[in-house]
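One structure is given below, encoded as structure tokens.
Within every chain, numbering begins at 1; the chains are lettered A, B, ... in the order of the sequence lines, protein sequences first and strands thereafter.
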Amino acid sequence: MNTQAFPFAGTTLTALPSGALSLPAEELLCVSDLHLGKSDRIARRQGLMLPPFDTEATLDRLDADLAATGARTVICLGDSFDDPAAADSLKEDNLTRLLQLQAGRHWIWIAGNHDPAPLNLGGTHLAAFHIGPITFRHAATPTTDYEVSGHYHPKLALPGAGSARPCFVFDDRRLILPAYGTYTGGLHGTDPALRSLFAPRAFAILTGRKTILAPLPLARPDRAPPVPLRRAMRD
Amino acid sequence: MTAFPPTFSDWFARRGWTIHPHQSAMLARADDPALLLIAPTGGGKTLAGFLPTLLELADGAHKGLHTLYVSPLKALAADIRRNLTTPVTEMALPIRVEDRTGDTSYTQKRRQRADPPHILLTTPESLALLVSYEDAPRMFAGLSRVIIDEIHALAESKRGDQLMLALSRLQTLAPGLRRVGLSATVEDPAAIARLLARNPDPCAILHADPGPEPDISMMVTDERPPWAGGGAKYAIPAVLDEVRCHKTTLIFHNTRAQAEIFFHNLWLANDDSLPIGIHHGSLSREQREAVEAAMVAGQLKAIVCTGSLDLGIDWGDVDLVIQVGAPKNVKRLIQRIGRANHRYNAPSKALLVPANRFEVVECVAALEAARAHDLDGDPRGAGPRDVLCQHILITACAGPFSADALYGEVRSVGAYATLTRPAFDACLDFCATGGYGLRAYDRWRRLQQRPDGLWQLRDPRAAQRIRMNIGTIQNTDLVKVRFRGSGMPLGEIEEDFAATLTPGDTFLIGGQIVRYESLREMTVEVSRAPGKTPKIATFMGTKFATSTQLSSRILRMFQQDSWPELPAHTASWLSLQRQVSKLPEADRILIESFPDEGRDYTCFYSFAGRNAQQTLGLLLTQRMETLGLQPLGFVATDYATLVWGLVPLTDPAPLFDATDLRAGFETWLKGNAVMKRTFRASATIAGLIEKNLPAARKSGRQATFSSDILYDTLTKYDPDHLILQITREEAMRGLVDFGRIEELISRTRGRIDHIRLNRVTPLAAPMFLEMGRVPIAGEARERLAESAAARLLAEAGLAGL
């Protein structure tokens, strides 16, 4: 697997091309914004019947990442389910699949804005989790150092190299993970809402076929994605 | 025959008109269930269509809607309303005529549904919307005639399929409905007739006098056309001379970008400041209307334009049509030529301007085809199923329906006459459940069956969303261009093009060079930037492929012993090619290989049209990669594909193995960007994804992103899904055009002439100058991204992280 190791909070973290974060020293895998059950929620709320394979596809990738890294602890950084109803209406086979992935692993559900309440599923339910100096929570708080979060669904395009891809964004103090869920949109890495959380010297690691490390450009309000995009990401 | 009452004969007499033979023929057959009139532009076609209606309505007895007129253009509907008002007012007929398009006000539209006019003029999309309302049965109950104008244009697209499906509904609501089609000259009138009539009703075809033969020739200039490119800049002085000595000239181009560049160059050379305007589909409505108004007022000497003027308002004063660039299709050429001298019985005058040396051959071939009345056109396949899916949803919006009855209606549409019941049921199932088999949403269906067996929307509120997404026209994602400050709209450019711009970049739009300032809320703000060389706007504009018929004609020309009909410079070019290599033949593939500057080049002359040659380039390089030939890139034109790589090609035969090519096509299709775009179009038409949302329009970029993910997910988890089947079907034509590669393989059957030379050949040389070189995809893209990232890291002094 083509991965990208990088230093953070005195340890080495590894970005996987799937968008998962591995802490090899802790045998830990962290994924954010799974949005399981999204197609179900869209069918329920909008009457659109998108291919109902997103949960399966997300769990397939998670399964592969767990097998490849041998992680014993899993942190889901919030918005693991598209909404509480989506968690309740998880299809039988997907639920079984999830339980199989949980078996023998320490599983931590961090609360997100889509799934704020504890879920009716095994594992530990927390608002935040700490390992050494690192804090894991759903949405970044400007005052916390060494914080790993999700929520923003960052993405970035490199000049002349096709459309934007989901990406990790980090500087010395903060790391934001891309959305891991199959049906998720993204917020451009140069959007002021996201860019302002980082120091001028910050990096992005693009995901996709391979991970690609690049500097994070400075905020470009002129190139900010249109409003509906941000709305789509929030709801 | 309907009697011609004195009111009408007096009116004709007052205007000094006599009724045309085809107009009386139309009257005589007014009771036919379907009738097709083929007439040149300006032949009194519209009046021929409306005369029976005016006669039937003259006594004032009919209440409600009598005649529906459908045209592909909003502007045409408004124009016809004005034209009809003249006879209605002058003969004091008790007839109300109104138009209804996307531009009609909300109150007017509401009133029209409550109290419809006698004659309603509309577009296919507005009609589909009307059919979706619960009150459609009341509104259309008394409908007696429908007139479809420019049916030849609608017949080429899904808009026509949607229209005919809507008519099948109307036919049920108004069983006596008679259909009339008005068409320009086409290669296969019977095909249009089958499309128009209710299957299996007969449909008589009436031909109006086609008028005198057009006067077409190729413009020969002292300056020789260049070897490649599409600008035709060399011809500008000659074109200006022609403009000067004619009243009004239309200068047609094949693409919007070419029109912009030509217009720009024309003005640089326009020392007399001749009033010349520009008109194409990317310009703002305000801009286009200003040009149209100036045209109607006779203030313009010439208009540089594109297909946006193929149809539409009758401009009597045009006395010359200039086609810049080879006409890729003879039928379109004839229709464009018809834009000159709309007055009946005046010959149309047209000049073809080849943009490069190969186009000289193409132009001469097109001229011969036009003189021989040898029109081209590819038969359309069965009715597209994505349009059917949308029709099922539209039907559900109007109220509960029976699947059996709807199937019967759909089969009465010519294009869907062979639709099987299982195929129909698959579309219905897709609309109802998403069509994912066992994986279907059980709780959140879109349509559900009532105990009495009728189908209806599960949630009636869904109707609003379905209505908002009616239509089959797929615009690429466009952003508006406005002047910063004044906010004056200039037009639209593709979002992808806008994304490549950085502040300070300049591009051409509406004949002006503008400077990119910023992109705010889906609007590009620009300022004036006179006197700079622009970075060219890559408008989408359709890239037409040369038709199969025209390609064969060119291949036949190649086999002549000499070419007296060609200018000397072009004839000697072909002779030289014959001397050093050979000229391509219709039933063989000519392949030339030669080295140049350390690369090995191979040129495949397969004459399959630009889109198929492009696809062939992708497939061949993929095969070459597998065979270890290390291809680096390729470029495609309408007649050939030039590939370059590191390893010389010795045996091309394995490259053309039909089975391998087809298998490669399947694999290649899965990850192809064109396929993803095709998928997005079909998924949007079929209602799998929505283009328009009640609150705000989803941004195009976001839609691109998510529909690509949907495509990848479906390909992986449900490869036989209906929408993927439709996507593959679409890929056989259109941008992928694999159908013509199949045609090429069966035409040549492995007969390959491979000629190895030590230098580039005359016929291949222009290929070196072609734009649009394609680097080999796959790993190359990763390499590009990685090197871009490395460069950025280095520039930022971060390389050692």
Side-chain angles (χ1 to χ4, degrees), chain A residues 2 6-7 39-54 56-57 60 89 91 93 155 157-166 182-186 188 201 203-206 208-210 212-217 220-233, chain B residues 430 433-436 439-441 443-446 457-459 461-462 465-466 499-500 503 517-522 673 687-690 693 695-699 701-702 704-706 708-710 712-714 716-718 721 723 781-782 784-790 792-793 795-796 798 801:
Chain A
N2 174 287
F6 61 99
S39 57
D40 197 67
R41 176 163 171 261
I42 291 173
R44 174 167 20 104
R45 297 265 296 257
Q46 299 175 23
L48 280 188
M49 290 166 299
L50 300 183
F53 311 106
D54 53 326
E56 193 175 339
D60 279 352
S89 60
K91 281 200 167 65
D93 49 351
K155 66 170 187 179
L158 291 175
S163 50
R165 309 181 189 186
T182 305
Y183 293 169
T184 46
H188 217 269
R201 182 186 187 275
F203 298 88
I205 299 171
L206 274 65
R209 283 167 54 145
K210 289 179 175 180
I212 296 170
L213 177 70
L216 182 65
R220 288 281 297 275
D222 278 354
R223 294 292 191 88
V227 179
L229 190 84
R230 269 169 265 167
R231 187 179 301 131
M233 204 209 69
Chain B
F430 164 78
T433 71
Y436 304 105
R439 267 289 176 184
Y441 296 93
R443 279 197 289 167
W444 312 117
R445 311 190 148 209
R446 206 169 197 179
L457 290 173
R458 171 180 63 83
D459 179 356
R461 288 170 301 180
R465 302 177 70 109
I466 292 168
T500 66
E517 297 290 347
S518 66
L519 174 64
R520 280 182 201 284
E521 287 165 18
M522 304 303 279
L688 177 66
I689 49 182
E690 289 175 338
L693 300 175
R697 191 176 178 273
K698 202 173 170 189
S699 110
R701 194 164 294 273
Q702 168 77 351
T704 310
F705 185 46
S706 48
D708 286 1
I709 290 172
L710 296 181
D712 291 339
T713 308
L714 263 185
K716 185 166 175 199
Y717 292 95
D718 196 357
H721 188 263
I723 303 298
R781 175 175 294 235
E782 294 299 316
L784 258 178
E786 280 171 324
S787 62
L792 291 168
L793 282 170
E795 278 172 11
L798 301 166
L801 179 96

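Nearest heavy-atom pair across P51(A) and L710(B) is CD-CD2, 3.8 Å. The two atoms that bring I689(B) and L50(A) nearest to each other are CG2-CD2, 4.0 Å, heavy atoms only. Heavy-atom minimum distance, I709(B) versus T182(A): CG2-O, 3.3 Å. Pairing each heavy atom of A57(A) with each of Y717(B), the nearest pair is CA-OH, 3.0 Å.
Only the side chain of D60(A) comes within contact range of chain B, judged by heavy atoms closer than 4.5 Å. Neither the backbone nor the side chain of R461(B) has a heavy atom closer than 4.5 Å to any heavy atom of chain A.
In this structure a side-chain-to-backbone donor-acceptor pair under 3.5 Å is present from Y436(B) to M49(A).
Residue with the most contacts toward chain A among L714(B), T713(B), L457(B), D459(B): T713(B) (heavy-atom pairs, distance under 4.5 Å).
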